[in-house]
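For reference, the structure is listed below as structure tokens.
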Amino acid sequence: MSNTENLNVLQSTQTVIHEALKRLGYSDDMYELLKEPLRVLTVRIPVRMDDGKVKVFTGYRAQHNDAVGPTKGGVRFHPGVTEDEVKALSIWMSLKCGISDLPYGGGKGGIICDPREMSFRELERLSRGYVRAISQLVGPAKDIPAPDVMTNSQIMAWMMDEYSRIREYDSPGFITGKPIVLGGSHGRETATAKGVTLMIDKALQKKSIPLQDARVIIQGFGNAGSYLAKFMHEAGARVIGISDVHGALYNPDGLDIEYLLDRRDSFGGVTNLFKNTLTNKEILEQDCDILVPAAIENQITSENADRIKASIIVEAANGPTTLEATKTLTDKGVLIVPDVLASSGGVIVSYFEWVQNNQGYYWTEEEVHAKLQIVMEKSFENVYNVHSTRGVDMRLAAYMVGVRKMAEASRFRGWI
Ligand SMILES: NC(=O)C1=CN([C@@H]2O[C@H](COP(=O)(O)OP(=O)(O)OC[C@H]3O[C@@H](n4cnc5c(N)ncnc54)[C@H](O)[C@@H]3O)[C@@H](O)[C@H]2O)C=CC1
Ligand SMILES: O=C(O)CCC(=O)C(=O)O
């Protein structure tokens with residue numbers, strides 16, 4: 001990594017927002033409004049642990065901009081959560097909603113904790129405590145949470161139940177990513193990965209590479225990464241590398257994806273069952289056609305960008321590539337499908353879930369997939385079009401498309 005490289009994801013996203021607004025002709029007042037969330041709540045959540053002691057956890061909920069509509073975005077449980085990270089994640093949610101033309105602004109939450117070291121009941125108490133702490137700020141017409149790193153449909157179910165108890169009426173539209181029996185949508189669990197497969201298809205078409213036998217490496221084997229491996233394998237691509245927090249597996253002839261899916265734990269860990277693994281950094285530099293970071297931020301930096309051999313990078317993770325690395329890779333001719341476009345499948349199907357909850361009428365998985373495909377293919381073309389006609393990299397193009405709706409909505413409301 002160069003000495004000057006900025007790994008603060010909030011500052012990096014502010015740099016691109018500023019540039020996007022300038023290119024669209026907005027004044028610096030608009031940047032002042034959009035560079036930070038409108039609201040950030042920090043909460044302290046006391047939880048009675050199984051040993052009888054009380055542990056107090058810190059959590060956040062950031063609401064970036066609600067000019068377009070209620071804010072929307074996941075909740076992450078991770079030991080590395082910081083306030084700046086949650087703020088950046090809420091801005092990225094605004095951009096995803098803008099690119100996908102959803103009637104939302106961006107929100108995001110996080111709790112500093114390690115669910116891998118907590119029991120089922122401790123996790124339940126933490127999830128319910130978080131909802132009690134943020135309940136004034138959230139709601140089906142205010143701010144709608146969803147799953148993200150190390151949270152899942154069970155956690156969404158506890159959160160929905162707690163919110164419904166507080167409000168004293170059933171509130172399925174308060175949260176998305178719920179189990180199907182509690183008003184979850186078909187296709188939400190696989191939506192992020194489905195969206196990434198659609199973006200891989202589009203990127204392959206632009207590069208004239210056939211999907212059949214295309215070599216894919218995926219960093220992260222959780223919700224996003226493992227379903228993506230499954231879909232790529234089923235579509236006839238060759239998944240030659242996967243990784244998780246412990247390490248990486250690599251086989252140029254293709255990995256046994258079905259076996260790996262069967263053996264993975266509920267936090268997306270599997271490589272610890274094997275000897276002779278690579279590190280999760282080394283896997284990024286192996287020869288392949290498509291590289292999909294699907295884990296955490298700042299994985300592709302100026303330190304390794306030069307050694308990356310993929311010709312297509314599709315960012316399933318939020319914020320996996322630094323701005324310096326984006327420039328190096330773009331200069332090398334790598335086609336990057338940026339996070340705010342590539343990983344929007346999750347929030348798009350969350351929107352469908354919320355719509356189904358509001359109308360009380362539910363769609364089949366085929367209907368959900370067909371609607372997802374329409375939205376994401378249109379988003380790709382919009383971003384690619386700005387990239388080619390304005391001569392800007394794909395990340396800046398995506399920000400230019402994503403920021404416009406909230407900027408206009410803020411202007412019409414008279415905020416600027
Ligand atoms: N779950 C969702 O609906 C969405 C997730 N995303 C993003 O996708 C990324 C992954 O999220 P999920 O799959 O939901 O999380 P998850 O918690 O289900 O899985 C995370 C995976 O990353 C691995 N991991 C963690 N640290 C790592 C490291 N340093 N190197 C390699 N692997 C590492 C874990 O072992 C696990 O396999 C995150 O950036 C998240 O924000 C984006 C949009 C929606
Ligand atoms: O499904 C949602 O509402 C949000 C998903 C999310 O947190 C993300 O796209 O990063």
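Whatever order the structure lists them in is the order used to number ligands and atoms, beginning at 1. Here, residue 1 is the first one in the sequence, and each next residue gets the next number.
Residue Gly269 places no heavy atom under 4.0 Å from ligand 1. Residue contacts with ligand 2 do not include Arg76, since none of its heavy atoms lies under 4.0 Å from the ligand. Using 4.0 Å as the threshold, Arg76 has a heavy atom nearer than that to some atom of ligand 1. Within the 4.0 Å heavy-atom shell around ligand 2 one does not find Gly177.
Inspection of the Glu19 and Tyr31 side chains reveals no N or O donor paired with an N or O acceptor under 3.5 Å. A donor atom on one side chain and an acceptor atom on the other are found under 3.5 Å apart for Tyr399 and Trp92.
Evaluated by nearest non-hydrogen atom to atom 30 (N) of ligand 1, the leading choice among Ile242, Thr279, Thr176, Asn280 is Asn280. Residue nearest to atom 9 (C) of ligand 1, selected from Gly220, Ser266, Ser350, Ala295: Ala295 (by heavy-atom distance). Taking only non-hydrogen atoms, the option from Val245, Thr151, Asp148 nearest to atom 24 (N) of ligand 1 is Val245. Taking all heavy atoms of Gly346, Ala316, Ala146 into account, the minimum distance to atom 8 (O) of ligand 1 is reached by Ala316.
When only non-hydrogen protein atoms are considered, atom 15 (O) of ligand 1 lies nearest to Val149 CA, 3.6 Å. Atom 10 (O) of ligand 2 has as its closest protein heavy atom Lys108 NZ, 2.8 Å. The protein atom (non-hydrogen) at minimum distance from atom 1 (O) of ligand 2 is Ser350 OG, 2.6 Å. Given atom 13 (O) of ligand 1, the protein heavy atom at minimum distance is Ala224 N, 2.9 Å. Among all protein heavy atoms, the one lying closest to atom 3 (O) of ligand 2 is Lys72 NZ, 2.7 Å.
Remark: the backbone N or O of Val9 is not paired with any side-chain donor or acceptor of Glu85 at under 3.5 angstrom. Asn304 contributes no side-chain N or O that, together with a main-chain N or O of Leu284, makes up a donor-acceptor pair within less than 3.5 Å.
In this view, Lys96 and Asn318, Ser343 satisfy the side chain to side chain donor-acceptor pair (under 3.5 Å) rule, not counting sequence neighbours.
At a heavy-atom distance under 4.0 Å, only backbone atoms of Ala294 (N, CA, C or O) approach ligand 1. Only the side chain of Arg188 comes within 4.0 Å of ligand 1, judged by heavy-atom distances. Here Asp244 has heavy atoms under 4.0 Å from ligand 1 in both its backbone and its side chain. Contacts of Val349 with ligand 2, taken as heavy-atom pairs under 4.0 Å, are absent altogether. At a heavy-atom distance under 4.0 Å, only side-chain atoms of Gln219, from C-beta outward, approach ligand 1.
Ionic pairing of Glu234 and Lys230 is present here: one or more N-O contacts between side-chain nitrogen and carboxylate oxygen are shorter than 4.0 angstrom. Ion pairing of Arg395 with Asp393 is absent here, as no side-chain N (NZ or NE/NH1/NH2) approaches a carboxylate O to less than 4.0 Å. By the 4.0 Å N-to-carboxylate-O rule, Glu381 lies too far from Lys378 to be salt-bridged with it. Taking 4.0 Å as the cut-off between side-chain N and carboxylate O, Lys207 and Asp289 do not count as a salt-bridged pair.
Note that Lys206 lies in the cation-pi zone of Tyr384, set by a 6.0 Å cut-off to the ring centre and a 45° limit from the axis. With Trp354 as the aromatic partner, Lys72 does not meet the cation-pi criteria of under 6.0 angstrom to the ring centre and within 45 degrees of the ring axis.
At least one N or O atom of Gly74 sits closer than 3.5 Å to an N or O atom of ligand 2.
Less than 4.0 angstrom separates some heavy atom of Phe267 from each of these atoms of ligand 1: 34 (C), 35 (O), 36 (C), 37 (O). Within ligand 1, the atoms closer than 4.0 Å to a non-hydrogen atom of Thr192 are 2 (C), 3 (O), 4 (C), 43 (C), 44 (C), numbered from 1 in the order shown. Heavy-atom contacts of Gly268 reach the following atoms of ligand 1: 35 (O), 36 (C), 37 (O) (cutoff under 4.0 Å).
Partner of Lys108 under the salt bridge (Lys or Arg N to Asp or Glu O under 4.0 Å) criterion, out of Asp84, Asp148, Asp143: Asp148 alone.
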Please set out all donor-acceptor pairs under 3.5 angstrom arising from side-chain atoms of residues 192-199, sequence neighbours excluded.
unit_1 : atom_1 : unit_2 : atom_2 : d
Thr197 : OG1    : Lys194 : O      : 2.5

